[in-house]
2 protein chains.
Amino acid sequence: MAEQVVGEVTAPGIPSATVARLPSYLRALRDLVSRGVATTSSVELAELSGVGPAQLRKDLSFLGSFGTRGVGYDVDSLAQYITEALGLVDEHRIAIIGIGNLGHALANYSGYEQRGFHVAALLDASPDVVGTRAAGLVVEHVDALEEVVEREKVSIVVLATPAAHAQAVADRVVAAGVREILNFAPRALQVPPDVDVRGVDVGSELQILAFHSQARALAESQGR
Amino acid sequence: MAEQVVGEVTAPGIPSATVARLPSYLRALRDLVSRGVATTSSVELAELSGVGPAQLRKDLSFLGSFGTRGVGYDVDSLAQYITEALGLVDEHRIAIIGIGNLGHALANYSGYEQRGFHVAALLDASPDVVGTRAAGLVVEHVDALEEVVEREKVSIVVLATPAAHAQAVADRVVAAGVREILNFAPRALQVPPDVDVRGVDVGSELQILAFHSQARALAESQGR
DNA sequence: CTCTGTGAAGCACTTCACAGCC
DNA sequence: GGCTGTGAAGTGCTTCACAGAG
């Protein structure tokens with residue numbers, strides 16, 4: 001996942017490693033809801049989430065005490081509780097900057113609404129792209145960034161610009177008052193300590209897999 | 001990034017946290033190369049990579065001793081060394097499965113070759129998509145998965161299918177002998193312990209940012 | 001004197017194992 | 001009897017601080 005976190009405001013004692021896993025639990029719970037399952041156990045939920053049962057129980061213990069001993073967890077209420085803990089009760093409005101291949105795909109990604117997000121604006125610097133429609137929105141010029149952020153009450157920005165422009169755009173995003181950035185550009189962003197940046201870089205992920213692939217090949221050639 | 005790692009074959013003593021940062025260092029080094037910088041320091045390189053200088057030095061110490069005390073690091077040779085450590089010397093051949101919005105964008109993402117990867121095949125299940133061209137390749141039917149993996153010597157699979165099909169496809173990918181999976185579907189995959197899965201989920205990343213956003217709002221309302 | 005390389009200390013997260021409650 | 005919640009133990013990562021090399 002995500003690879004870089006800056007300026008994390010650590011909340012009421014919830015470890016950030018725990019926070020990073022809450023979305024997986026929520027996903028698994030919603031899956032159970034949709035399958036009509038009413039109750040689950042730490043073993044089942046952990047398996048669906050890809051973690052160990054002890055980890056799951058420990059994580060949930062930071063949020064409160066939500067299961068019934070000897071029985072398990074109520075799927076609906078646990079889902080509701082995690083939703084609240086993540087702060088997804090009121091909608092978060094996001095702007096996507098950089099409507100190239102990736103930005104376009106991100107704009108069309110369905111499932112924002114279901115997860116508590118609303119794509120409020122799309123921005124790009126290219127005259128060829130500005131004015132076109134995508135995902136039901138007209139792409140606006142990135143020069144209007146500050147105005148758009150205020151008008152649309154944007155609290156999260158998704159950066160999908162070319163790497164070369166990412167830092168400059170990020171500086172303006174921060175200046176406009178946004179404190180949460182999801183960065184898809186293959187560059188580490190310099191931001192003030194009170195801004196959170198999460199970075200997603202496909203190239204890096206592939207390189208990490210390549211390392212493990214090589215390690216396996218090496219282990220096999222030496223082990224036998 | 002990435003949120004889920006399964007079945008990691010830990011290599012010659014290099015901590016996985018270190019491995020996960022090596023791509024950032026490599027990125028920063030290539031940036032310096034392209035700017036014609038010949039020598040760098042742990043402070044400079046760390047800043048460009050978004051980590052602390054001590055962390056950088058510690059990480060590099062796992063790979064060997066590559067700097068000159070009192071001087072710093074030679075940019076070219078350090079880049080070369082990290083490239084080798086990551087196993088990027090020989091090309092890794094990847095297949096992308098699920099050529100929807102996201103799969104299409106991933107296929108067209110430029111920069112694979114430069115980073116040591118080659119997109120060898122695109123696969124999809126929809127008759128509307130199979131046979132179309134994208135990124136210079138003809139999309140093949142996912143039924144031919146096993147054949148394609150063998151023919152193209154695929155070692156890494158990028159999964160961009162709908163969540164509902166991800167597990168079934170992953171099972172076939174593993175059965176076909178692939179041991180490295182980059183999963184974009186919002187689902188935790190069940191795989192044998194010797195398979196590496198890295199998961200990238202935009203929804204989860206946004207939810208984590210939402211949590212921090214809420215934590216900040218809470219801290220501000222209480223702090224004052 | 002500068003900047004790397006690294007043992008040692010510190011910190012955070014994970015896992016264990018069992019007490020507590022249904 | 002079963003499953004949660006949690007202190008305590010264990011593990012791994014990060015940060016420090018300084019010795020060592022140029």
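First the proteins, then the strands, lettered A, B, ... as listed; each starts at 1.
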Would you say the side chains of A:Gln114 and A:Arg30 form a donor-acceptor pair under 3.5 Å?
no
Which value, rounded to the nearest 0.5 Å, describes the distance between B:Thr68 atom OG1 and B:Asp74 atom CG?
8.0 Å
Within-4.5 Å side-chain heavy-atom neighbours: B:Ser34 and B:Asp31:
yes
Is A:Tyr73 close enough to C:dC22 that one of its side-chain N or O atoms is under 4.0 Å from OP1 or OP2 there?
no
Taking B:Ala85's backbone N and O only, do any of them form a donor-acceptor pair with A:Gln214's side chain (distance below 3.5 Å, no angle check)?
yes
Does B:Tyr112 reach the side chain of B:Leu106, with side-chain heavy atoms less than 4.5 Å apart?
yes
Nearest heavy atom decides the nucleotide; on that basis, is A:Gly70 or A:Thr18 closer to the 5' end of DNA chain C?
A:Thr18
Atom-pair distance (CD1 on A:Ile14; P on C:dT14), nearest Å
14 Å
Short of 4.0 Å, heavy atom to strand atom, which residues of residues 35-44 of chain B count as contacting DNA chain C?
B:Ser41, B:Ser42
To the closest 0.5 Å, what do you measure between CG (B:Leu182) and CD1 (B:Ile156)?
8.5 Å
Atom pairs, N/O to N/O, protein against nucleotides 6-8 of chain D, distance under 3.5 Å?
unit_1: D:dG7; atom_1: N7; unit_2: A:Lys58; atom_2: NZ; d: 3.4

d(A:Gln80 CD, A:Leu78 CG) to nearest 0.5 Å is 10.5 Å
Polar side-chain atom of B:Arg27 near backbone of A:Ser204 as donor-acceptor pair, under 3.5 Å
no
Picking from B:Phe66, B:Tyr73, B:Phe62, B:Tyr25, what satisfies ring pair (Phe, Tyr, Trp, His ring centres under 6.0 Å) with B:Tyr81?
B:Phe66
Find the distance B:Phe66:CZ to D:dA21:P and express it as a whole number of Å.
19 Å
In residues 75-87 of chain A, what residues come within less than 4.0 Å of DNA chain C, judged by heavy atoms?
none
Whether the side chain of A:His92 engages the backbone of A:Gly87 through a donor-acceptor N/O pair (distance < 3.5 Å, no angle test) should be reported.
yes
A:Gln55 CD to D:dG5 C1', straight-line distance once rounded to whole Å
15 Å
Hey, is the main chain of B:Gln190 close enough, under 3.5 Å, to the side chain of B:Gln167 for a donor-acceptor pair?
yes
Taking the side chain of B:Pro15 as its heavy atoms from C-beta onward, which of D:dC13, C:dT4, C:dC13 lies nearest to it?
D:dC13
Measure the distance from CG on A:Leu56 to P on D:dG5 and round it to the nearest whole Å.
9 Å
